[in-house]
Structure formats: C-alpha cells, structure tokens
Amino acid sequence: MTQRGRPKTDSSAILVRLNGSMLEAIDAECEKRADRPSRPEMIRRILADWLEQKSQSQR
C-alpha cells in the first residue's frame, strides 16, 4: 500500500501565531527574493540567519 501525504523527515512541525505586521514584513521579504520562497521557507531562512549571527557573535 502506498503511503499518502508528506514524507517523514527528521524535523518537527510547530505552530506559530504572528501578528499582521510580522506577516507583512515576511511577505515583503519573500517578494524581494528571486526564488520567491514560501512563508515557512522564509521563516526558516530568517531563523537560520539569526542563529548563524548569534553563533558568530559568541566566538
């Protein structure tokens, strides 16, 4: 029997509520990017950038 839905990965889904101004800022950043990432992808990129900056500042 073929499985349906998203394939399993080594990640966890989370639910985050964002206010309108945060969503607008994320959407605006998505529109600036040539590859036009989705909101979830843009949030992942923003978080990855923040974590990288944080780790560099702790050195």
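Values reported hereafter were calculated over all heavy atoms of this structure, with side chains retained and with hydrogens, waters and symmetry mates removed.
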- Task: Could you pull out all residues at least two apart from Lys32 that satisfy salt bridge (charged side-chain N to carboxylate O under 4.0 Å, His left out)?
- Result: Glu29

- Task: Tell me, please, which residues at least two apart from Ile14 pass side chain to side chain contact (heavy atoms under 4.5 Å, CB included).
- Result: Val16

- Item | Separation between CZ of Arg17 and CG of Leu23, rounded to the nearest 0.5 Å | 11.5 Å

- Any chance you could measure Leu18, atom CG, to Ile26, atom CD1, to the nearest 0.5 Å? 5.0 Å

- Minimal heavy-atom distance between Cys30 and Pro37, with the atoms involved, is SG-O, 3.3 Å

- Query: Under the salt bridge (charged side-chain N to carboxylate O under 4.0 Å, His left out) rule, what pairs show up with a residue in residues 37-49, not counting sequence neighbours?
  - Reply: Asp27-Arg39, Asp35-Arg45, Glu41-Arg44, Glu41-Arg45

- Nearest heavy-atom approach of Lys54 to Ser57 is O-OG, 2.9 Å

